[in-house]
Amino acid sequence: MVSDEYLDKISGLPLDEWQLVQVKFALDLLPEDQIDLFLDERMNYQQMEQIRIALMDGVLPKVVKREMTVTVPWDVMRQIRIRESESRDYHDIAEMVQGLREDLKSYQDKECVYLQDQHRLSDKIKSLEQELKESMDDNNRLQTEKQELQDTAVQTKRALQNMNLKQEDLTKQVQNFTDVVQQKNEEIRNKNKELSEIQDECATMKATIEKLEKQAEQLRAQIDKVVHDEQPKRWFQKPFDLTKTLMRIDFDAAQLEQIRLAYDEGCSEQQLKTIARKKLDADRMSQLRQYYFLLNRRMTATDDVPEDQSPNPVPENYIPDSERGMDALPVPEDMYIADADWRMNDETYFADVIGN
């Protein structure tokens, strides 16, 4: 049993958990001077274990102090311990055999009397040798199993550490995935909001298109009524049905607006026929309409117009393009025809210029 002072000495040493385990195993089994042989923080717990087992197996302290130092690896210490244990056991057996042999020599005269005892002792020696061998084999097996268990414990500890690291990594990945899912959900909500706005705009545009289509239908009805009521011009070789043209050709809203303005400004049916063509866009229709408006003003001018009155008055219902919200389009110089003899064929000439 160790003293309290010795326990205080042990508690003051910088030993780890496994080293303290080896010391605690030896407190009740070894004296203090033998415990001091492996009470060294420089030794690992395996070296301390081999010294403790050697002392408990009866290896001499002087042998331990001489051969099992801190610089000797633990597996070498294990070989030294086994060797010393075997040599001590064999030495004891050899001494026993030698004593028996001396007894046998001293009792040779009594061989007949003690023959049975000799045979018994010989059998006992063989049994002891066999038990010794079996004990050594069991000891080696136990040491191997113990070492395997220690190695397994170390591997298990490392595997546990690796599993903890993997768990931390998985936790981080789950958090990252959660953040990504939240971000994607926010993007989906924003996209749904944009989609709702686009749907509202589409509904507004659809309502506008329906309104324009209704206006176009009303315009076609007005043009159809006016065309049927109006007498054909004398120079028309073939009657022109503007309503059928408007119903047959799919004009857009801008083209229909230019045709309506041309009709309001008093263009003839031939002029309307020249304007109402699908291949002319709204800009070219506007140029033709303005040209015809200027041409009609010149043709309706008279010589007896008063000086204070313009020879080509502007119709009361005429609205310039700038006030209608459209940019004024320039009229090419070759559209102005000075010679009055060309006026009867001006539609064909201007259609060729625009892109007939």
Side-chain angles (χ1 to χ4, degrees), residues 1-106 121-154:
M1 187 67 180
V2 297
S3 61
D4 295 337
E5 292 79 8
Y6 194 78
L7 293 176
D8 294 337
K9 174 184 176 182
I10 293 173
S11 62
L13 294 176
L15 301 177
D16 60 19
E17 180 181 359
W18 295 98
Q19 290 173 328
L20 288 174
V21 169
Q22 301 303 323
V23 175
K24 290 179 180 179
F25 282 162
L27 290 178
D28 297 330
L29 302 174
L30 296 175
E32 295 179 358
D33 56 343
Q34 291 187 9
I35 296 175
D36 287 335
L37 294 177
F38 63 91
L39 193 62
D40 190 347
E41 65 270 18
R42 295 174 299 172
M43 291 184 180
N44 57 43
Y45 77 95
Q46 294 173 319
Q47 292 173 311
M48 296 172 69
E49 181 183 39
Q50 294 302 320
I51 295 174
R52 178 181 62 78
I53 295 173
L55 293 172
M56 294 174 66
D57 289 342
V59 179
L60 297 175
K62 63 180 181 180
V63 177
V64 174
K65 187 174 182 181
R66 181 181 68 250
E67 297 185 17
M68 302 174 75
T69 60
V70 70
T71 58
V72 179
W74 73 272
D75 52 349
V76 178
M77 287 185 178
R78 179 173 174 270
Q79 296 176 2
I80 294 171
R81 175 178 61 76
I82 295 172
R83 184 197 66 196
E84 290 298 321
S85 298
E86 292 176 351
S87 64
R88 181 179 59 80
D89 294 334
Y90 280 117
H91 180 69
D92 293 340
I93 294 172
E95 289 180 354
M96 184 182 294
V97 172
Q98 183 64 28
L100 293 173
R101 287 176 180 176
E102 291 176 357
D103 293 337
L104 289 173
K105 185 178 180 181
S106 64
L121 292 173
S122 297
D123 293 338
K124 185 176 181 180
I125 290 172
K126 291 179 181 179
S127 177
L128 290 173
E129 288 178 348
Q130 182 64 29
E131 290 179 0
L132 176 61
K133 184 178 182 301
E134 292 176 357
S135 298
M136 292 178 62
D137 293 339
D138 291 340
N139 186 42
N140 292 334
R141 180 177 57 80
L142 291 174
Q143 291 297 329
T144 302
E145 292 178 357
K146 183 178 181 180
Q147 183 60 39
E148 291 177 354
L149 289 174
Q150 291 176 350
D151 295 340
T152 303
V154 173

Qualifying residues under salt bridge (Lys or Arg N to Asp or Glu O under 4.0 Å), relative to [X], sequence neighbours excluded:
X: Glu5; value: none
X: Asp137; value: Lys133
X: Arg141; value: Asp138, Glu145

Is Ser127 reaching over with its side chain to a backbone N or O of Asp123, donor-acceptor style, under 3.5 angstrom? no
Examine distances only and state if a side-chain atom of Glu84 and a backbone atom of Ala54 form a donor-acceptor pair shorter than 3.5 Å.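 Absent.
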Do you know the tightest heavy-atom contact between [X] and [Y]?
X: Glu67; Y: Val72; answer: O-CG2, 3.4 Å
X: Leu37; Y: Ile51; answer: O-CD1, 4.2 Å
X: Arg52; Y: Ala26; answer: CD-CB, 3.8 Å

Can you measure from [atom1] ([X]) to [atom2] ([Y]) and round to the nearest 0.5 angstrom?
X: Glu17; Y: Gln22; atom1: CD; atom2: CD; answer: 11.5 Å
X: Leu27; Y: Leu7; atom1: CG; atom2: CG; answer: 6.5 Å
X: Gln50; Y: Phe38; atom1: CD; atom2: CZ; answer: 12.0 Å
X: Glu49; Y: Met77; atom1: CD; atom2: CE; answer: 11.5 Å
X: Gln150; Y: Thr152; atom1: CD; atom2: OG1; answer: 10.0 Å
X: Asn139; Y: Lys146; atom1: CG; atom2: NZ; answer: 10.0 Å

Run the side chain to side chain donor-acceptor pair (under 3.5 Å) test against Gln34 and tell me which residues pass, sequence neighbours left out.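 If we apply the side chain to side chain donor-acceptor pair (under 3.5 Å) test to Gln34, skipping adjacent residues, there are no hits.
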For Gln47, what residues pass the side chain to side chain donor-acceptor pair (under 3.5 Å) criterion, not counting sequence neighbours? none
Would you indicate whether Arg66, at its atom CZ, is surrounded by more than 12 heavy atoms from other residues, nucleotides or ligands within a distance under 6.0 Å? yes
With a cut-off of 6.0 Å (strictly less than), are more than 12 heavy atoms of other residues, nucleotides or ligands near NZ of Lys124? no
Can you tell if the side chain of [X] reaches within under 4.5 Å of the side chain of [Y], non-hydrogen atoms only?
X: Gln143; Y: Ile53; value: yes
X: Met48; Y: Phe25; value: no
X: Leu39; Y: Leu15; value: yes
X: Asp36; Y: Tyr6; value: yes

Begin with the C-alpha distance, continue with both residues' side-chain angles, and end with the deciding distance and a verdict on side chain to side chain contact (heavy atoms under 4.5 Å, CB included) for Gln147 and Gln46. CA-CA 10 Å; Gln147 183 60 39; Gln46 294 173 319; 3.9 Å; yes
Return a table of donor-acceptor pairs under 3.5 angstrom between the side chains of residues 56-64 and protein atoms on other chains or two or more places apart.
none

For residues Asp75 and Gln79, is any side-chain donor paired with an opposing acceptor at under 3.5 Å? no
